[in-house]
Amino acid sequence: MKYVFSGIQPSGSPTLGNYVGALRNWSLLQGEDRFCYYCVVDMHAITVRQDAEALKRRSMETVALLIACGIDPVKSALFIQSQVPAHAELSWVLCCNTYMGELSRMTQYKDKCAKHADNINAGLFTYPVLMAADILLYQTDLVPVGVDQKQHIEIARDIAIRFNNAYGETFKVPEGFIPKFGGRVMSLQDPAQKMSKSDPNPNGFVAIMDTPDVILKKFKRAVTDSDGEIRYDPENKPGVSNLLSIYTSFTDMSMEDAVAAFAGKGYGNLKTEVAQAVIDELTPVQQEYKRLLDDQAYLNDVIQSGASRAAKHANETLRAVYDCVGLHG
Ligand code: AQP
């Protein structure tokens, strides 16, 4: 059996970036010979100050959204991170096997420090260690993520290799799984920045739950360039290339075919076509999400059973780790 693990923070309204870079692949990776652990990582979210009630509510909403995006809670373990204490417990042991130097090189840490200069807490710094614990607890083979998480996967691998060398084979060394196009969906307002659910400018991102009108409006306002030609050239034409990437992700067209289909057409046409492809795919997801939110009893059952399935596997790994380092546990 191969194991898949990935997580999403309940830190805002999930975006097209989260959908294309991660959630879509999460559902596709569910298969006969793989078991998937999908986790709402609420403990990661508190590295940025959150409103307690809103965080609890958003965690449950994110569970509903994941099911609406195709995660089958019978085939996969769908759970909330803080309900499986082994994540925090392994994180401490791994912190003692991680160097300050390697953590200080993480670009997400530097970005978040710049964005939250009033709250540069130790959790922001050790975030990648908690993420390594999330992954390594499940003897994970594959971690489907966006490009922004590549560096964190690398450090999880380094920590696993270091621990195995010091204490004997304990962890499987995981591989990242990053889509070719859509692994880094960019902001619609600033195509040099990645699309982010905590962007203070709502026109920069399309939320999965945005209405068709809002989706169309946001795409129409997307920043492009003045040369008027539709071609894929992320360096010189980041706005247009971002729209083309989103289009290919939602239509399953090759980039070559997409560029050929838009030959001689204007940016207005590209924007409307991208918006329509997104609306077509997201409409059923939105309907299912709303239906699930009305069934809190079902969602509670899902997270309880997900947490107990996850804890069983996680606790086996944690016991082995405690044994290696000499903790009673
Ligand atoms: N723009 C993106 N393009 C492709 N993939 C993306 N992901 C995030 N943004 C993009 C992928 O979505 C998964 C879940 O992300 P996360 O919730 O852990 O947080 P994040 O990476 O920090 O994403 P956000 O939206 O930017 O959240 P905030 O604003 O709260 O920091 C990951 O696999 C990520 O790669």
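Just so it is clear, the values below take in all heavy atoms, side chains as well, and ignore hydrogens, waters and symmetry mates. Note that the coordinates shown come from a computational prediction; the quantities given were computed from them, not determined experimentally. Read the numbers this way: they start at 1 and go in the same order the structure lists the ligands and their atoms.
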Colleague: Checking side-chain polar atoms at under 3.5 Å, does Arg162 have a donor or acceptor matched by the opposite partner on Asn97?
Modeller: no

Colleague: With heavy-atom distances below 4.0 Å as the criterion, list the atoms of ligand 1 near Gly7.
Modeller: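 Those qualifying, in numeric order: 14 (C).
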
Colleague: With a cut-off of under 6.0 Å to the ring centre and 45° to the axis, is Arg309 in cation-pi contact with Tyr37?
Modeller: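 No, cation not above the ring by the 6.0 Å, 45° rule.
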
Colleague: Can you list the ligand 1 atoms lying under 4.0 Å from a non-hydrogen atom of Gly182?
Modeller: 4 (C)

Colleague: In terms of residue, atom name and distance, what is the protein heavy atom nearest to atom 6 (C) of ligand 1?
Modeller: Gly17 O, 3.4 Å

Colleague: Please report whether ligand 1 has a polar contact with Thr15, defined as an N or O pair separated by less than 3.5 Å (distance criterion only).
Modeller: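 By distance alone, the answer is no.
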
Colleague: Considering the heavy atoms of Asp148, write down every atom of ligand 1 situated less than 4.0 Å from one of them.
Modeller: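 The list of qualifying atoms is 7 (N), 20 (P), 21 (O), 34 (C), 35 (O).
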
Colleague: Kindly confirm or rule out a cation-pi arrangement of Lys218 over Phe205, judged by NZ or CZ under 6.0 Å from the six-membered ring centre and within 45° of its axis?
Modeller: yes

Colleague: Could you verify whether a donor N or O on one side chain and an acceptor N or O on the other, from Ser187 and Gln193, lie under 3.5 Å apart?
Modeller: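 Side chains of Ser187 and Gln193: no pair found under 3.5 Å.
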
Colleague: Can Gly183 be said to touch ligand 1, with heavy atoms closer than 4.0 Å?
Modeller: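 Within the 4.0 Å threshold, so yes.
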
Colleague: Using a strict cut-off of 4.0 Å, indicate which atoms of ligand 1 neighbour a heavy atom of Lys112.
Modeller: 31 (O)

Colleague: Quick one: pull up NE2 in His313 and CD in Glu316 and give me the separation to the nearest 0.5 Å.
Modeller: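 If we round to the nearest 0.5 Å, His313:NE2 and Glu316:CD are 6.0 Å apart.
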
Colleague: List ligand 1 atoms under 4.0 Å from Met195, heavy atoms only on the residue side.
Modeller: 1 (N), 2 (C), 9 (N)

Colleague: Picking from Ile153, Ile178, Val4, what satisfies side chain to side chain contact (heavy atoms under 4.5 Å, CB included) with Val143?
Modeller: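 Answer after filtering Ile153, Ile178, Val4: Ile153.
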
Colleague: Can you tell me if Pro14 contacts ligand 1 (heavy atom of the residue under 4.0 Å from the ligand)?
Modeller: no

Colleague: Give the atoms of ligand 1, by number and element, whose distance to some non-hydrogen atom of Ile8 is under 4.0 Å.
Modeller: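 What qualifies from ligand 1 is 14 (C), 17 (O).
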
Colleague: Enumerate the atoms of ligand 1 whose separation from the nearest heavy atom of Ala22 is less than 4.0 angstrom.
Modeller: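 Within the 4.0 Å cut-off of Ala22, ligand 1 contributes 12 (O), 13 (C), 33 (O).
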
Colleague: Do any nitrogen or oxygen atoms of Asp199 lie less than 3.5 angstrom from nitrogen or oxygen atoms of ligand 1?
Modeller: no

